[in-house]
Peer 1: 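Handing you this structure, nothing more for now.
The analysis underlying the following values was restricted to heavy atoms, covering all of them including side chains, and did not include hydrogens, waters or symmetry mates.
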Amino acid sequence: MGVTAGLATLGLGTLGQVPPPARPLVRPGAVPAGIVHLGVGAFHRAHQAVYTEEALAKAGGDWGIVAVAPRSTDVVERLDAQDLLFSVVTLSGEGTQARVVGSLAGVRHAPSDPDAVVALLADPAIRVVTLTVTEKGYRLDPATGALRRDEAVVGDLTTDRPPRTIPGLLVRGLLARARAGTGPIAVVSCDNLPDNGRRLGNLVRQALDLVRGADRGWVAQNVTFPSTTVDRIVPATTAETLAQARTALGVVDHVAVGAEPYRQWVIEDAFPGGRPAWDVAGAVLTGDVAPWERLKLRALNGVHSALAYLGALAGCETIADALDLPGMREVLGRFLAEDIATSLVPPPGVTVDEYGESVLERFANPGIRHRTLQVAMDGSQKLPQRVLHTMLDRRAAGAEPRWAALVVAAWMRFVAGRTDDGRPLPLDDPLADPIRTALARRAATPADTVDALFGLRSVFPAEFAEDPVVRRLVADWLAVLTRHGVSGVLR
């Protein structure tokens, strides 16, 4: 048991010091494992682990989670030292609350013992695998979206060496399961990607093509890839987050995470081996995730990106700061009403206006210090789903997506690398080199910049890039941003 500033460290032996309302709903180790989760980051701990614990508390079941870290040992070691306990600090303008979560049944570090992870995936007790590993963890080619057949992936799947990549671990685990005949399983992507279940299924099938003698028939008949939509703002843990947890709990939690009060999980109900009763914890189980996905990607993520790029250009550190810029709410309101709401059919019982207003209120939460630069990273991967699809649907209807074009222009200004007052901006993007090359070749005027960047076909499809109305709208906004900055645009 560790001690910090006179306080004991969170663990089974110190739960008695935690206020009763903040104690876990289930005790680690008391619930057998039924889920393997690949990725042990903050979002999983603040989202799926919370839903699962509440489902266990209300409906029971052997659905404890074994969390597998694909890279760093840090979180694994800290969770081990805390008897698998961690807390979620709920951040809002009305103060903070914290609660310890006890849904973990174990933790593993994949690079240290990948064969043990493969064996775990083949264990008949495990009937659900969930993942939060992002595009980089899946090892997708940013230009094509297909599985990158690099030496690491190919070696994982074609040699006897222990697998090191997520595709290698997953496919080797499924094939070990097929050989052992241990029953069906659902593999569930919880990443913020469109059509994430289909994408993950395609990745697995591409990986199976590399494995000689792979039992593709068993996988096709026994493995499902449900799509999901996940939503909760979980900013990076800071020293302030840890201090808030310490104050609320009366003990030290070295792996506390902070999150907004809101959360949502929409899940395609396709689980051949069973699942936790996530619905009793507030998740939406449905046969069609697509309407929820489109609404979130366009009305939440699209607005988030707009705030990130416009805010970063204006020198705002956080999303809440960006939303406070004079005129920003009005511009985003028009983006939601004129472009987004007219580009989609929302889920039954939901209106885009009400959803959009709730989004803006969430982004205004002063307790969530979500950095604009964090949201702005990997923009070449995010723009198509968050903004370009809105524009394409509006153009198909014969309309001019004026406000969505502003977001694309703001991204172009952002990747040029300078704020409105001349300070440098980082370019953290899988296509950073092609972007810089395109800008270096021809970016003398706003129209030149549009020509150069629209040439990146992995970001801007031909039907988009060759549309003269789209080109005009983006170039016009880019000219205004270049001449007057974000404050001028918002005025």
Peer 1: Which atom pairs, one a donor and one an acceptor, fall under 3.5 Å between side chains of residues 19-26 and the rest of the protein, sequence neighbours left out?
Peer 2:
from	atom 1	to	atom 2	distance (Å)
Arg23	NE	Leu15	O	3.2
Arg23	NE	Val18	O	2.8
Arg23	NH2	Gly16	O	3.2
Arg23	NH2	Val18	O	3.1

Peer 1: Can you tell if the side chain of Asn365 reaches within under 4.5 Å of the side chain of Pro261, non-hydrogen atoms only?
Peer 2: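 Contact flag for Asn365/Pro261 side chains = yes.
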Peer 1: Is it true that Asp253 and Ser87 share a donor-acceptor pair across their side chains at a distance under 3.5 Å?
Peer 2: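 Per modelled atom types, Ser87 and Asp253 side chains form a pair under 3.5 Å.
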Peer 1: Is the shortest side-chain heavy-atom distance between Leu140 and Arg148 below 4.5 Å?
Peer 2: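 Side chain of Leu140 against side chain of Arg148, heavy atoms only: no contact under 4.5 Å found.
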Peer 1: Kindly indicate whether the side chain of Gln48, heavy atoms from C-beta on, has any atom under 4.5 Å from the side chain of Phe43.
Peer 2: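 Contact flag for Gln48/Phe43 side chains = yes.
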Peer 1: Between Leu84 and Val107, is there a side-chain heavy-atom distance shorter than 4.5 Å?
Peer 2: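 Yes. Closest side-chain heavy atoms under 4.5 Å.
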Peer 1: Between the side chains of Glu240 and Arg369, is the shortest nitrogen-to-carboxylate-oxygen separation below 4.0 Å, so that they form an ion pair?
Peer 2: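 No.
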Peer 1: Parallel, tilted or perpendicular: which one describes the rings of Phe271 and Trp278, with boundaries at 30° and 60°?
Peer 2: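 The arrangement is perpendicular - the two ring planes meet at more than 60°.
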Peer 1: Can a donor-acceptor pair be found between the side chains of Thr419 and Asp421 at a distance below 3.5 Å?
Peer 2: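 There is such a pair (donor and acceptor under 3.5 Å, judged by atom type) between the side chains of Thr419 and Asp421.
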Peer 1: Could you pull out the closest heavy-atom pair between Ala186 and Pro272, with the gap in Å?
Peer 2: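 In terms of heavy atoms, the two residues are closest at CB-CD, 4.1 Å.
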Peer 1: Find the distance between CD (Glu268) and CG (Asp288) and round it off to the nearest 0.5 Å.
Peer 2: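 Going from CD on Glu268 over to CG on Asp288, the span is 8.0 Å.
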Peer 1: Strictly by modelled atom types, are Asn301 and Lys382 linked by a side-chain donor-acceptor pair under 3.5 Å?
Peer 2: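 On atom types as modelled, these side chains do not qualify, holding no pair under 3.5 Å.
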Peer 1: Taking side chain to side chain donor-acceptor pair (under 3.5 Å) as the definition, give me every residue that meets it alongside Glu330, ordered by chain and number, with sequence neighbours left out.
Peer 2: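 Per chain and number, Glu330 pairs via side chain to side chain donor-acceptor pair (under 3.5 Å) with no residue.
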Peer 1: Apply side chain to side chain donor-acceptor pair (under 3.5 Å) to Arg71 and list each qualifying residue two or more places apart in sequence or on a separate chain.
Peer 2: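 Arg71: no side chain to side chain donor-acceptor pair (under 3.5 Å) contacts found.
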Peer 1: Any chance you could measure Thr351, atom OG1, to Glu357, atom CD, to the nearest 0.5 Å?
Peer 2: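 So the OG1 of Thr351 and the CD of Glu357 are separated by 10.5 Å.
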Peer 1: With a cut-off of under 6.0 Å to the ring centre and 45° to the axis, is Arg263 in cation-pi contact with Tyr51?
Peer 2: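 Pair Arg263/Tyr51 counts as cation-pi.
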Peer 1: State, with a plain yes or no, whether a side-chain heavy atom of Leu310 is found less than 4.5 Å away from one of Thr372.
Peer 2: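 The answer is no; the side chains never approach within 4.5 Å.
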Peer 1: How long is the straight-line distance from OG1 of Thr165 back to CG of Leu170, given to the nearest 0.5 Å?
Peer 2: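 Result: 9.5 Å between the selected atoms.
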Peer 1: Is the NZ or CZ atom of Arg127 positioned over Trp63's six-membered ring, under 6.0 angstrom from the centre and within 45° of the axis?
Peer 2: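 Relative to the ring axis of Trp63, which defines the angle, Arg127 lies inside both limits.
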Peer 1: Within the side chain of Asp62, is there an N or O that forms a donor-acceptor pair under 3.5 Å with the backbone of Pro32?
Peer 2: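 A pair under 3.5 Å: no.
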Peer 1: Let me confirm one number: the OG1-CG distance from Thr229 to Leu297, rounded to the nearest 0.5 Å.
Peer 2: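 If we round to the nearest 0.5 Å, Thr229:OG1 and Leu297:CG are 7.0 Å apart.
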Peer 1: Taking C-beta and beyond as the side chain, do Arg329 and Leu323 meet within less than 4.5 Å on heavy atoms?
Peer 2: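 Side chain of Arg329 against side chain of Leu323, heavy atoms only: contact under 4.5 Å found.
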Peer 1: Mind checking whether Leu10 and His254 have side chains closer than 4.5 Å, heavy atoms only?
Peer 2: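 No; the side chains remain at least 4.5 Å from each other.
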Peer 1: Determine yes or no for a side-chain-to-main-chain donor-acceptor pair under 3.5 angstrom, with Asp428 supplying the side chain and Met377 the backbone.
Peer 2: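 Such a contact is absent between Asp428 side chain and Met377 backbone.
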Peer 1: Considering the options Thr52, Ile65, Ile35, Val31, which one meets the side-chain contact (heavy atoms from CB on, under 4.5 Å) requirement together with Leu104?
Peer 2: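 When Thr52, Ile65, Ile35, Val31 are each tested with Leu104, the side-chain contact (heavy atoms from CB on, under 4.5 Å) holds only for Ile65.
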Peer 1: Looking at every non-hydrogen atom in both residues, tell me the closest pair between Leu91 and Pro235 and how far apart they are.
Peer 2: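 Result for this residue pair: CD1-CG, 4.5 Å.
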Peer 1: Who are the side chain to side chain donor-acceptor pair (under 3.5 Å) partners of Arg199, not counting sequence neighbours?
Peer 2: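 So Arg199 forms no side chain to side chain donor-acceptor pair (under 3.5 Å) with any residue.
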Peer 1: So does Thr9 get a backbone contact from the side chain of Thr14, meaning a donor-acceptor N/O pair under 3.5 Å?
Peer 2: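 Yes, because the side chain of Thr14 sits within donor-acceptor range (under 3.5 Å) of the backbone of Thr9.
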Peer 1: Under a plain distance cut-off of 3.5 Å, with no hydrogens placed, do Asp191 and Tyr138 share a side-chain donor-acceptor pair?
Peer 2: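 Looking only at side-chain atoms, Asp191 and Tyr138 do form a donor-acceptor pair, the distance falling under 3.5 Å.
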Peer 1: If you compare all heavy atoms of Leu336 against all heavy atoms of Gly356, which two are closest, and at what distance to 0.1 Å?
Peer 2: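 Minimum heavy-atom separation between Leu336 and Gly356: CD1-CA, 3.8 Å.
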Peer 1: If you apply the rule salt bridge (charged side-chain N to carboxylate O under 4.0 Å, His left out), what do you find for Asp269 with Arg275, and how did you get there?
Peer 2: CA-CA 9 Å; Asp269 200 0; Arg275 59 166 174 79; 3.0 Å; yes
Peer 1: Looking just at side-chain N and O atoms, do Asn196 and Thr228 make a donor-acceptor pair shorter than 3.5 Å?
Peer 2: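 A pair is found: one side chain offers a donor N or O, the other an acceptor, under 3.5 Å apart.
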Peer 1: Report the distance from atom CG of Asp429 to atom CZ of Arg436, rounding to the nearest 0.5 Å.
Peer 2: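 Between Asp429 CG and Arg436 CZ, I get 9.0 Å after rounding to 0.5 Å.
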Peer 1: Walk me through it: do Arg413 and Asp420 pass the test salt bridge (charged side-chain N to carboxylate O under 4.0 Å, His left out)?
Peer 2: CA-CA 9 Å; Arg413 276 276 294 157; Asp420 288 343; 2.9 Å; yes
Peer 1: When you measure from the side chain of Arg45 to the backbone of Val255, do you find a donor-acceptor pair of N or O atoms at a distance under 3.5 Å?
Peer 2: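 Yes.
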Peer 1: Who pairs with Asp231 by side chain to side chain donor-acceptor pair (under 3.5 Å), at least two apart in sequence or on another chain?
Peer 2: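 Asp231: side chain to side chain donor-acceptor pair (under 3.5 Å) contacts with Arg362.
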Peer 1: Could you check Arg78 against Asp80 for salt bridge (charged side-chain N to carboxylate O under 4.0 Å, His left out), going step by step and ending with a plain yes or no?
Peer 2: CA-CA 5 Å; Arg78 290 177 183 271; Asp80 260 334; over 6 Å; no
Peer 1: List the atom of Val88, the atom of Ala46, and the distance in Å for their closest heavy-atom pair.
Peer 2: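 Residues Val88 and Ala46, closest heavy atoms: CG2-CA, 4.0 Å.
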Peer 1: For Asp150, is there an ion pair with Arg139 - N to carboxylate O distance below 4.0 angstrom?
Peer 2: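 Result for this pair is yes, salt bridge flagged.
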Peer 1: Under the rule for side-chain contact (heavy atoms from CB on, under 4.5 Å), what residues qualify as partners of Asp83, not counting sequence neighbours?
Peer 2: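 Asp83 satisfies side-chain contact (heavy atoms from CB on, under 4.5 Å) with Leu12 once adjacent residues are dropped.
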Peer 1: Say you draw a straight line from CD of Glu361 to CD of Glu260; how long is it, rounded to the nearest 0.5 Å?
Peer 2: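 Taking CD in Glu361 and CD in Glu260, the distance rounds to 12.0 Å.
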Peer 1: Should we count CD of Gln374 as having more than 12 external heavy atoms under 6.0 Å?
Peer 2: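 Yes - once you tally the heavy atoms of other residues, nucleotides and ligands closer than 6.0 Å, there are more than 12.
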Peer 1: Can you find a side-chain donor-acceptor pair between Thr130 and His37 that sits under 3.5 Å?
Peer 2: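 Yes - a donor-acceptor pair under 3.5 Å links their side chains.
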Peer 1: Going by heavy atoms in the side chains, are His370 and Val375 under 4.5 Å from each other?
Peer 2: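 Side-chain contact under 4.5 Å: yes.
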Peer 1: Before giving the answer on salt bridge (charged side-chain N to carboxylate O under 4.0 Å, His left out), spell out for Glu53 and Arg99 the whole-Å C-alpha distance, their side-chain angles and the decisive distance to 0.1 Å.
Peer 2: CA-CA 12 Å; Glu53 186 193 43; Arg99 187 173 70 76; 2.6 Å; yes
